[in-house]
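We use all heavy atoms of the structure for the numbers below, so side chains are in, but hydrogens, waters and symmetry mates are not. Quick note: residue numbers are just sequence positions, from 1.
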Amino acid sequence: MIATILPSSTNFHAVEYNERKVAEGKAELVEMLNFGYISNMGEYSTEDLITFLNDYSAQNTRIQKPQFHIAFSCKGHEMTHEQLVSFARGYLKEMGYGQLGQPILIYAHHDTDNNHIHVITSRVAPDGQKIDNNHERRRSQEVINRLLQQSENERVGESTEQALQYSFTSVPQFMAIIETLGYECYKEDGDIVIKRAGMIQEKISEAFIESKCRKDYFQDQRRKYQLRAVIKKYRDMCSNKEELQQMMRDKFGVSLVFLGSKDSPYGFFIVDHHTKCVFKGGDVLKLKDVLQFQSDEERFSKAEAFIDAMLEDNPNMTTREINKLLRRQFGTKLMNGSLLFKGTSYVLPEHIQQTLHSNDRLSWLQSFHPANETEAAILCVMGKYGHPDRLTLGDESKNKERITQQLHELFDNTPDESLRDKLHEDGYYIVNDNDQYYCIDFANKVILNMEEAGLDVSRMRTNNTQHELSQSQSVQQPIHKPNIIQGTRKVLQQQGGSKDGNREHEVGGHSNYDDIDDEHKLKR
């Protein structure tokens with residue numbers, strides 16, 4: 001257990017940091033205490049939380065930096081987030097932050113391999129007095145040491161009770177469950193000894209555990225098939241059994257407990273924390289098959305063949321769509337024409353690189369939702385893409401109405417002599433094609449005919465500038481270069497990628513692979 005007191009601040013910037021993590025899906029707010037009207041609002045903003053804490057802390061104007069921010073973390077999954085929260089409550093009470101009415105926010109984070117939480121409160125007590133922070137770090141460590149000893153005694157009992165809820169057929173299987181909960185476990189003089197941090201925490205009679213074994217337990221065969229498929233698949237994404245153990249635990253809540261020495265195991269158990277049962281590893285997959293890890297060369301070769309097959313099934317697949325499948329199937333990533341895996345790279349053949357570059361550019365251009373052939377041709381000239389016929393027409397951008405309104409406001413509030421510069425400054429690119437003016441907004445992916453949008457384009461017909469597409473580049477001319485051309489203008493620096501929609505269903509359909517390797521069901 002590590003508790004880190006983080007810097008104070010005048011404006012409770014820790015709230016913004018944690019709420020941003022929530023928005024990114026890397027954290028969640030698990031406890032909000034004593035936030036008055038905000039607790040009953042249902043929906044609230046980051047600013048609401050900060051404003052409340054600032055108003056609360058204003059009771060004592062002498063405290064310039066009222067934020068108290070502390071993080072509690074443990075090794076791996078040694079403690080659950082719920083246990084960390086329980087520990088934090090006791091800590092706050094001991095340190096003077098647990099008084100009735102004290103506002104507290106607790107966030108659980110999921111963005112590292114170690115379970116950890118962040119706690120935010122004010123250094124002002126509910127009565128307006130400053131909470132004592134003399135010798136704070138020394139007192140903090142004393143409180144942690146005292147609570148840990150109490151917590152460990154309680155936790156080992158909870159862990160034993162938890163382990164007894166599983167279905168197991170032998171004493172070694174029970175011991176495997178205890179190990180997955182973060183303890184060392186061995187037999188001695190008819191007892192099962194449970195240790196942590198070199199200290200014996202509990203002894204349980206082996207005969208008692210023997211009486212809890214379910215010799216007649218019938219194991220779910222379909223579950224075995226699921227486990228076999230997923231272990232084989234993720235084995236091919238790992239370089240060793242330790243990586244496989246971590247991946248299975250983190251992704252599926254399934255622990256692989258190997259028996260014997262670290263380098264020469266002779267067997268293994270599978271502890272399934274979701275169904276609360278233990279399988280003999282050999283009944284699911286032979287040990288030699290579990291330890292048959294692929295070399296980087298084998299992995300890259302299979303990944304390349306996989307990409308080739310996917311592009312044959314769907315010639316328009318983008319790098320982003322391919323990457324979704326690569327991460328799931330091989331644990332690799334495609335970037336700049338190379339496959340990446342744990343610091344090693346493999347350059348793909350030129351024909352695959354060119355196809356993906358072209359598909360990425362097509363997907364990017366399609367995201368502007370051209371309404372007609374002229375808009376498609378303009379986009380292709382600007383994007384240096386030679387196949388306007390491949391763009392789908394008529395699917396109007398969801399941002400078009402909003403951008404049209406913004407352009408009207410800009411036209412209404414900008415004098416003629418500044419109009420072009422203001423358009424360019426705000427990121428709008430103007431294209432003149434045969435005296436028809438089109439506006440392209442790259443940030444919001446919109447192209448529109450300015451006259452059809454009700455804008456006074458007569459104001460655009462004076463002082464032609466370099467921002468317009470020159471007559472020599474008119475969209476009426478044929479495009480001779482179908483490959484991607486790298487330019488220096490902003491339009492050619494846009495990142496290619498697929499649309500936001502998930503198009504995995506277009507590739508391979510719903511094959512029997514999904515029936516066997518049903519990861520969502522595995523997580524149940």
Hey, could you give me each pair passing salt bridge (charged side-chain N to carboxylate O under 4.0 Å, His left out) that has a residue in residues 162-178? Not counting sequence neighbours.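 Matches after skipping sequence neighbours: none remain.
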
Hey, can you tell me if [X] and [Y] have their rings parallel, tilted or perpendicular (30° and 60° cut-offs)?
| X | Y | value |
| --- | --- | --- |
| H118 | H69 | tilted |
| H109 | Y107 | perpendicular |
| F442 | F368 | perpendicular |

Hey, are the side chains of [X] and [Y] touching, using non-hydrogen atoms and a 4.5 Å cut-off?
| X | Y | answer |
| --- | --- | --- |
| M248 | I231 | yes |
| I104 | E31 | no |
| K422 | L410 | yes |
| F12 | L49 | no |
| F174 | K212 | no |

Between R123 and S8, does any side-chain donor sit less than 3.5 Å from a side-chain acceptor?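 Indeed, the side chains of R123 and S8 share at least one donor-acceptor pair under 3.5 Å.
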
Side chains of R249 and S255: donor-acceptor distance under 3.5 Å anywhere?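 Side-chain D/A pair, R249 to S255: present.
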
Among residues at least two apart in sequence or on other chains, which ones pass side-chain hydrogen bond (donor to acceptor under 3.5 Å, both in side chains) with E94?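 If we apply the side-chain hydrogen bond (donor to acceptor under 3.5 Å, both in side chains) test to E94, skipping adjacent residues, the hits are R146.
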
Please determine whether a side-chain nitrogen of the Lys or Arg among D191 and K187 lies less than 4.0 Å from a carboxylate oxygen of the Asp or Glu.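 The answer is no: the pair does not qualify as a salt bridge.
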
Indicate yes or no: does E28 engage K21 in a salt bridge with an N to O separation below 4.0 Å.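 Salt bridge absent between E28 and K21.
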
